[in-house]
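Positions are given from 1, in the same order as the sequence printed here. Since we're looking at a predicted model, the values are computed, not measured. In each ligand, atom 1 is the first atom listed, and ligand 1 is the first ligand listed.
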Amino acid sequence: MSDPHSPIWAVVPAAGSGTRLPSAYPKQYLQLGDSCILQRAIDALLAVEAVQGVVVVLSARDSLWHKLPASTNSKVTTAVGGATRAESVTAGLETVCSLAQDESTMVLVHDAARALTASSDIRRLIERVMLSPEQGGLLATRVQDTLKRAVKSINQAGSSANTIAATVSRDDLWHAQTPQMFRASRLLATLKENQQLVASGEITDEACAMEKAGYSPALVEALAPNFKITHGRDLDMALALVTLLEKDQRE
Ligand code: CTP
Ligand code: MG
């Protein structure tokens, strides 16, 4: 049933070390135009009127958070993360559940490494999820390219190479992104119940844990670029987009 009055909080896991994007400090602190990646992810959430609080999950070794404007925002709190993203998300959810103290609280779990997420997409996600809040939902994009399943074979030079084993239908296939929105207490309980599947890598995002528990999260198409900054090439692309955007805003 629709429940438009549930408090909405956000958890931003930002305790990773960015091993696939080597730099002097973790990628969430890299500058993108006027602000850094993590600040941008938080700003997109804070711009959504319905968001009451944001819990940013930091590494125990973090030494840069205090330099961000977000660190002094009264809506923003921090928690200490763990060795994996799932552990960090769990720590953030525990903080939300103790601060919000309302069983109906909804949470948006949003990667710090998505610096471009549009607040308008987050608003559409919230609107859609609040039609059936028990099921939850997430931002996602449709798979657009033709999909191939690969098989390893040995080429004439004697080295291993990928060749096509089959073409896979892309109908009904989507790329899962964040934010992912669920009842905070339900998501926390589900992640704890499925700790083993999370640890083995079978559960890779919040939606997957909820699916295993029998829920059918809604897929809400992200209309603005919402890719995760994982490799150096993602950072280059994000920088190009932000530069264009900030130039437009100044003109
Ligand atoms: N994350 C986290 N705690 C961890 C690992 C990851 O909070 N122990 C966060 C990252 O900070 C990031 C998000 O989860 O915002 C998505 O993870 P990913 O893009 O994989 O970031 P990293 O784990 O930092 O990067 P890598 O996998 O390349 O090391
Ligand atoms: Mg990682």
Side-chain angles (χ1 to χ4, degrees), residues 9-32 35-46 51 53-68 70-71 76-97 107-118 121-122 138-141 175-182 184 187-188 191-192 194-195 197-209 222 225-239 242:
W9 280 66
V11 166
V12 179
S17 49
T19 49
R20 287 170 289 178
L21 205 170
S23 63
Y25 33 84
K27 63 182 178 183
Q28 55 273 32
Y29 290 112
L30 294 175
Q31 197 70 14
L32 260 192
S35 48
C36 76
I37 291 176
L38 173 57
Q39 177 74 43
R40 284 180 176 277
I42 297 168
D43 283 345
L45 291 161
L46 288 174
V51 172
V54 177
V55 175
V56 182
V57 189
L58 303 170
S59 157
R61 295 181 304 278
D62 187 286
S63 61
L64 297 170
W65 167 248
H66 71 280
K67 299 189 177 201
L68 267 56
S71 67
V76 179
T77 333
T78 60
V80 177
T84 64
R85 180 183 178 280
E87 283 174 37
S88 298
V89 169
T90 302
L93 289 171
E94 273 165 351
T95 305
V96 165
C97 290
V107 69
L108 293 153
V109 178
H110 186 40
D111 290 330
R114 293 184 197 270
L116 301 174
T117 313
D121 279 335
I122 302 175
L138 61 147
L139 286 183
T141 54
H175 297 282
Q177 301 180 329
T178 74
Q180 302 204 353
M181 183 177 181
F182 297 98
L187 178 60
L188 179 58
L191 286 174
K192 285 185 168 171
N194 288 287
Q195 235 163 7
L197 293 180
V198 173
S200 70
E202 197 175 318
I203 289 180
T204 50
D205 66 352
E206 293 66 51
C208 186
N226 190 28
F227 58 87
K228 184 162 71 69
I229 298 173
T230 305
H231 301 280
R233 59 178 177 269
D234 304 316
L235 184 65
D236 294 343
M237 179 122 72
L239 189 55
V242 163

Legend entry - Within-cut-off N or O pair, Leu21 and ligand 1, under 3.5 Å: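 No: no nitrogen or oxygen of Leu21 is under 3.5 Å from one in ligand 1.
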Legend entry - Ser88 N/O to ligand 1 N/O under 3.5 Å: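 Checking ligand 1 against Ser88, an N or O pair does fall under 3.5 Å apart.
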Shortest protein contact, [atom] (heavy atom only):
atom: atom 20 (O) of ligand 1; result: Arg20 NH2, 3.0 Å
atom: atom 9 (C) of ligand 1; result: Pro13 O, 3.4 Å
atom: atom 24 (O) of ligand 1; result: Gly18 N, 2.8 Å
atom: atom 6 (C) of ligand 1; result: Gly16 CA, 3.6 Å
atom: atom 7 (O) of ligand 1; result: Ala15 N, 2.9 Å
atom: atom 29 (O) of ligand 1; result: Thr19 OG1, 2.5 Å
atom: atom 8 (N) of ligand 1; result: Gly82 O, 3.0 Å

Assess [X] for proximity to ligand 1: is some non-hydrogen atom of it under 4.0 Å away?
X: Val57; value: no
X: Gly81; value: no
X: Glu87; value: no
X: Asp111; value: yes

Inset, instruction - May I ask you to test the Thr178-Val109 pair for a side-chain heavy-atom distance under 4.5 Å? - result: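 Not touching, per the 4.5 Å side-chain cut-off.
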Legend entry - Side chain to side chain, Thr141 and Phe227, heavy atoms closer than 4.5 Å: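 Thr141 vs Phe227: side chains apart.
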Legend entry - Partner set under side chain to side chain contact (heavy atoms under 4.5 Å, CB included) for Ser17, not counting sequence neighbours: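 With neighbours one apart ignored, the set is Thr19.
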